[in-house]
2 protein chains.
Amino acid sequence: MKTYREENYLKAIYQLASHDKTRTVSPTDIAHWLELKPPTVLEKLGILVKKGLVTYNKFDGAKLSPKGNEVALNIVRRHRIWETYLYKQLKFSWSEVHEIAEQLEHVNSEKLIDRIYDVIGRPDFDPHGDPIPNKQGKLPKSDRRPLSESIKGCKCVVLGVSEHSELFLNYLTELNIRLNDKLVVEQINSYDDTLKLSSKNNETVLMSSKAAQQIQVQCVKPNCACK
Amino acid sequence: MKTYREENYLKAIYQLASHDKTRTVSPTDIAHWLELKPPTVLEKLGILVKKGLVTYNKFDGAKLSPKGNEVALNIVRRHRIWETYLYKQLKFSWSEVHEIAEQLEHVNSEKLIDRIYDVIGRPDFDPHGDPIPNKQGKLPKSDRRPLSESIKGCKCVVLGVSEHSELFLNYLTELNIRLNDKLVVEQINSYDDTLKLSSKNNETVLMSSKAAQQIQVQCVKPNCACK
DNA sequence: ACATAAAATTAGGTTACCCTAATTTAGAGT
DNA sequence: ACTCTAAATTAGGGTAACCTAATTTTATGT
Ligand SMILES: [Mn+2]
Ligand SMILES: [Mn+2]
Ligand SMILES: [Mn+2]
Ligand SMILES: [Mn+2]
């Protein structure tokens, strides 16, 4: 019996754990993420533990079992494939795809996922630059770091965004910054770390440190000084 | 709060009512259709009545209110649009589309439905020949009758099927009969009403009366003798 | 160490959905 | 009218998912 709510719990644990690998995933974290209350989550954790999908104790928090991890990665796979399909095939914007994919990810038809994955050309990354796990749950590797860690003069390419909110994505779209765009860090304000960037066709934009932390990049020059 | 179960109840009432307009839709009918038990259905009918989506009494059975009808037709619309999309765009067979559409029909995004409806060219009928309601719930008209009512010599075109089971649809596919194919009734066995048909490229096939009742056709000749 | 604040847990309830086992009604046949 | 059957309804439960209001732990700041 694998309901979409159960899928959401497992996915939440996966997301929270991969977001910050150092901290434990607490009932409160999950509750906040899923917009539920801690007792509700705790109750469900008990059930997931009994089903062997999760382990939990208050010190280590919730962790996915191998079985639970497999289920979670499968949902993540479906989510990111749908996002890519919506983006590339159905011309939705990268700020719209997440919400619809939240629903589509629970449609249970392996053949359908396979079909749309073929249609979009079996890509490794979704419209936000997030890796698409393969059927075995293996994630394609990619080497990336936040734009906020760049030093002056660094030329880098945008490989992803860590935040998926419409607000943030529309903000980037307004700045005319997209996936795979190249950026040059012209200046870094030493007071508040605001970045002056030059982007496509030498447009210059200012970006807060807060925003820069959410943008994942890779240096373009092989021996760039940003580590 | 409109859950997919509620959507399924409303759709079931709609389907049962349109299948046989003479008979009332009883709790037992609905229970059978949804693979539930009558008390379960009765309970839900009470809730739907309270919500103003349905009227019910044991003599007239369950009827959709204008509001309930609107919801039901919207689900039917989504279902048939998805079926068509799966069929035309994603190359699923007409026997596969129903099951997947049963899930996809509950995805709540008007923009998504609009988009895929545009992609498939805003057709009036789905892969089984069923009419796709417009946003206002209006059904395109079509003039059709069961193939079993044809008389000898009738030349007609297949516009739809009344049964959607994989078994039946695969059977038709094996007979090489598809939507929009033209058939000629060569002979009707007077004992059991078995039809001898000639179909595409003069293949001759035999078809039981039972199967012929499930095939919806229209006469090709303007003044065909089958009324 | 001690007071406090935050997080986890327990207790106790609600609603949505489903079920089985009566019981009551309605219909059909005689 | 009377009987028998099938359908509708009532009674009584169960589970999954949520919640609020305690209570208990755990962590934190003096
Ligand atoms: Mn997403
Ligand atoms: Mn994404
Ligand atoms: Mn269908
Ligand atoms: Mn159909």
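In the text below, chain A, chain B and the rest are named by the order of the sequence lines, each starting its count at 1.
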remark   = Closest to the 5' end of DNA chain D, once B:Glu43 and B:Tyr56 are matched to their nearest nucleotides, is B:Tyr56
message = Reading DNA chain D from 5' onward, which residue's closest nucleotide shows up sooner: A:Lys58 or A:Tyr4?
response = A:Tyr4
Looking only at the side chain of [X] (C-beta and beyond, no hydrogens), which of the listed nucleotides [options] gets closest?
{"X": "A:Pro39", "options": "D:dC19, D:dC18, C:dA21", "result": "D:dC19"}
{"X": "B:Phe59", "options": "D:dA7, C:dG27, C:dT9", "result": "C:dG27"}
{"X": "A:Arg5", "options": "D:dA17, D:dA11, D:dA8", "result": "D:dA17"}

Roughly, in whole Å, what's the span from [atom1] in [X] to [atom2] in [N]?
{"X": "A:Lys51", "N": "D:dT15", "atom1": "NZ", "atom2": "P", "answer": "14 Å"}
{"X": "A:Lys44", "N": "D:dT15", "atom1": "NZ", "atom2": "C1'", "answer": "11 Å"}
{"X": "B:Tyr9", "N": "C:dC17", "atom1": "OH", "atom2": "P", "answer": "8 Å"}
{"X": "B:Glu6", "N": "C:dA16", "atom1": "CD", "atom2": "P", "answer": "9 Å"}
{"X": "A:Lys50", "N": "D:dT15", "atom1": "NZ", "atom2": "P", "answer": "11 Å"}
{"X": "B:Asn57", "N": "C:dA26", "atom1": "CG", "atom2": "P", "answer": "11 Å"}
{"X": "A:Leu42", "N": "C:dA11", "atom1": "CG", "atom2": "C1'", "answer": "13 Å"}
{"X": "A:Asp60", "N": "C:dA7", "atom1": "CG", "atom2": "P", "answer": "18 Å"}

key: Below 4.0 Å: OP1/OP2 of C:dA7 and any side-chain N or O of A:Ser26   = no
query = Hey, is the side chain of A:Thr3 poking within less than 4.0 Å of OP1 or OP2 on D:dA17, counting only N and O atoms?
reply = yes
task = Mind checking salt bridge (charged side-chain N to carboxylate O under 4.0 Å, His left out) for A:Arg5 and listing every partner two or more places apart, or none if nothing turns up?
result = none
message = Applying salt bridge (charged side-chain N to carboxylate O under 4.0 Å, His left out), can you list everything that pairs with B:Glu102, at least two apart in sequence or on another chain?
response = B:Lys11
ask   = A:Tyr117 and side-chain contact (heavy atoms from CB on, under 4.5 Å): which partner among A:Ile132, A:Leu112, A:Thr84?
value = A:Ile132
request  = Could you check whether A:Leu36 gets within reach of a base, just the sugar-phosphate, or nothing at all, counting any heavy atom under 4.0 Å?
outcome  = sugar-phosphate
ask   = Between A:Pro38 and B:Glu35, which is nearer to the 5' end of DNA chain C once each is assigned its nearest nucleotide?
value = A:Pro38
task = Working to the nearest 0.5 Å, report the span between CG of A:Leu169 and CD1 of A:Ile177.
result = 12.0 Å
key: side-chain hydrogen bond (donor to acceptor under 3.5 Å, both in side chains), paired with A:His79, selected from A:Gln103, A:His106, A:His98   = A:His98
